[in-house]
Amino acid sequence: MAYATGAVLIAALAAGCTGNSGTSDSAPDGKPGTPTVSAAPPGKYRTLPDACRAIPLATLKDLLPGTADMPEAQQDKVLEGAATVTYDTDRRIGCRWKSDAPEGTRSIHLDFERVVSYDTSVSDDDRAREVYAKKETAADLPDSGLPPEGSPDASPSGSGHADSGTDGKTEDGRTEDGRTEDEPGKKGSTKGSAKDDGSAESTDDAEATDGATDDASADSSDDPASGSPGDSLQPRLLDKLGDSAFLDDALVQAGSTARHRTVSVVFRTSNVIVTVEYTAQPALTTEVPDSKELQEKAQALAGQLVDSFDD
């Protein structure tokens with residue numbers, strides 16, 4: 001009888017150990033209520049277009065006027081363009097065109113950059129904003145009255161405007177281009193304007209100014225940062241072009257006499273940054289490239305490219 005009681009006791013103990021082991025195995029691994037962190041959304045664009053096929057032939061012929069008089073074989077080669085060397089065409093791709101004519105040289109450089117964030121907490125678009133903002137800062141634009149990319153007041157569509165009164169000034173007393181009346185334009189390698197120290201010029205000084213050479217007058221009238229003929233040709237932020245955009249204009253002295261002007265339009269659409277560079281170098285060393293013409297054509301091309309991304 002004692003033997004039977006002992007056997008029942010041993011069986012009961014064995015059953016208890018088995019039950020405890022099962023309870024331990026079924027315990028939850030993680031803590032209840034732990035939030036799940038989702039990755040930032042990817043960018044809108046996963047691929048890039050062929051840069052050398054991004055500009056319609058009719059537009060290329062307008063931008064490169066010298067091609068009209070070329071033999072057909074030479075014209076085809078110029079309009080075909082030359083792809084820029086990149087190590088990952090899925091991330092960056094570009095193309096260059098150049099046309100030589102008796103009147104001078106015109107060239108175009110087109111660059112597409114698709115920005116990808118490798119930080120799961122930062123979206124591709126946010127990373128692209130950072131990359132674009134660095135380009136905008138490096139351009140050293142004069143104050144235009146539009147909020148720069150990345151600022152709290154920046155418009156998501158890049159279409160913000162400064163409030164202006166009836167006299168064309170903003171509330172802080174600046175003109176529409178962001179300058180006070182006595183503030184010079186942007187400084188540059190060959191740009192700038194004389195400082196007004198408040199003193200009246202003498203008659204001799206006025207006569208000397210009136211006797212300036214035609215070349216000096218041409219430099220001043222065609223220089224977008226000299227304050228003449230208008231502030232609308234200054235390097236500036238652009239609205240209604242992609243998400244954010246700016247235009248830069250630089251007149252560069254090449255060698256002892258030759259001068260060329262390069263107008264750059266840079267814009268961001270989602271996670272892609274596009275750069276358009278349009279350069280003109282006249283054959284005559286006394287001629288200054290027309291800033292207005294180059295800016296209008298570069299902006300028109302940038303507008304076509306924005307529309308092609310939206311298609």
Side-chain angles (χ1 to χ4, degrees), residues 43-45 48-49 51 54-56 58-59 62-63 108-115 123-166 168-172 174-179 185-186 224-225 229-250 262-278 291-311:
K44 178 180 180 180
Y45 303 107
L48 290 173
I55 305 178
T59 303
D62 179 59
L63 295 171
I108 309 166
H109 177 215
L110 181 60
D111 180 82
F112 295 143
E113 179 181 2
R114 187 174 67 91
V115 180
S123 69
D124 292 347
D125 280 22
D126 287 341
R127 178 59 181 150
R129 287 188 185 92
E130 296 173 2
V131 175
Y132 169 85
K134 289 180 181 179
K135 293 177 181 290
E136 185 179 298
T137 301
D140 191 24
L141 306 176
D143 187 4
S144 65
L146 292 176
E149 173 81 334
S151 69
D153 297 329
S155 170
S157 60
S159 58
H161 293 275
D163 294 334
S164 58
T166 57
K169 297 179 183 178
T170 58
E171 293 179 352
D172 60 356
R174 291 179 174 269
T175 57
E176 289 182 349
D177 68 342
R179 299 186 295 109
K186 175 190 173 185
D231 294 328
S232 61
L233 296 180
Q234 286 197 100
R236 59 196 180 278
L237 296 178
L238 301 174
D239 59 352
K240 300 179 182 178
L241 182 63
D243 295 319
S244 299
F246 70 85
L247 179 148
D248 201 4
D249 188 323
T262 297
V263 171
S264 304
V265 176
V266 181
F267 68 86
R268 179 184 69 83
T269 174
S270 186
N271 62 315
V272 170
I273 298 173
V274 178
T275 301
V276 176
E277 293 179 349
Y278 188 33
S291 180
K292 185 174 185 293
E293 177 204 0
L294 296 178
Q295 289 193 21
E296 288 178 348
K297 290 188 174 183
Q299 288 186 79
L301 173 56
Q304 289 182 349
L305 294 171
V306 169
D307 292 340
S308 69
F309 274 94
D310 292 337
D311 292 342

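Position 1 is the first residue of the sequence, and the numbers go up from there.
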For this session: Evaluate the side chain to side chain contact (heavy atoms under 4.5 Å, CB included) criterion for residues V265 and L241: first the C-alpha distance (whole Å), next the side-chain angles of each, then the deciding distance (0.1 Å), finally the verdict.
Result: CA-CA 10 Å; V265 176; L241 182 63; 3.8 Å; yes
Would you name the heavy atoms of [X] and [Y] that are closest together and state the gap between them?
X    : Y    : answer
V276 : A298 : CG1-O, 4.5 Å
A51  : F112 : CA-CE1, 3.8 Å
K44  : N271 : N-OD1, 3.3 Å
L141 : P235 : CD2-CB, 3.8 Å

Check whether any side-chain heavy atom of [X] sits under 4.5 Å from a side-chain heavy atom of [Y], and report yes or no.
X    : Y    : result
L247 : Q299 : yes
V263 : D248 : no
K135 : I273 : yes
Y278 : T262 : no
L301 : L63  : yes
V306 : T269 : no
K297 : K292 : no
V266 : E136 : no

Kindly compute the distance separating [atom1] ([X]) from [atom2] ([Y]), expressed to the nearest 0.5 Å.
X    : Y    : atom1 : atom2 : value
S264 : D111 : OG    : CG    : 11.0 Å
R114 : L48  : CZ    : CG    : 6.0 Å
D143 : Q234 : CG    : CD    : 10.5 Å

For this session: For the pair D126 and R129, find out whether any cationic side-chain nitrogen is under 4.0 Å from an anionic carboxylate oxygen.
Result: yes
Problem set entry | Short N-O contact, E130 and K134, less than 4.0 angstrom | no
For this session: Would you tell me whether Q304 and S308 have side-chain atoms, one donor and one acceptor, within less than 3.5 Å of each other?
Result: no
For this session: Would you kindly say whether S270 and D125 are connected by a side-chain donor-acceptor distance under 3.5 Å?
Result: yes
For this session: Would you please classify the geometry between the Y132 ring and the F246 ring as parallel, tilted or perpendicular, with 30° and 60° separating the classes?
Result: tilted
Problem set entry | L305/F267 under side chain to side chain contact (heavy atoms under 4.5 Å, CB included): CA gap, chis, key distance, verdict | CA-CA 10 Å; L305 294 171; F267 68 86; 4.1 Å; yes
Hey, is the main chain of [Y] close enough, under 3.5 Å, to the side chain of [X] for a donor-acceptor pair?
X    : Y    : answer
T137 : A133 : yes
E113 : V274 : no
D124 : G43  : yes

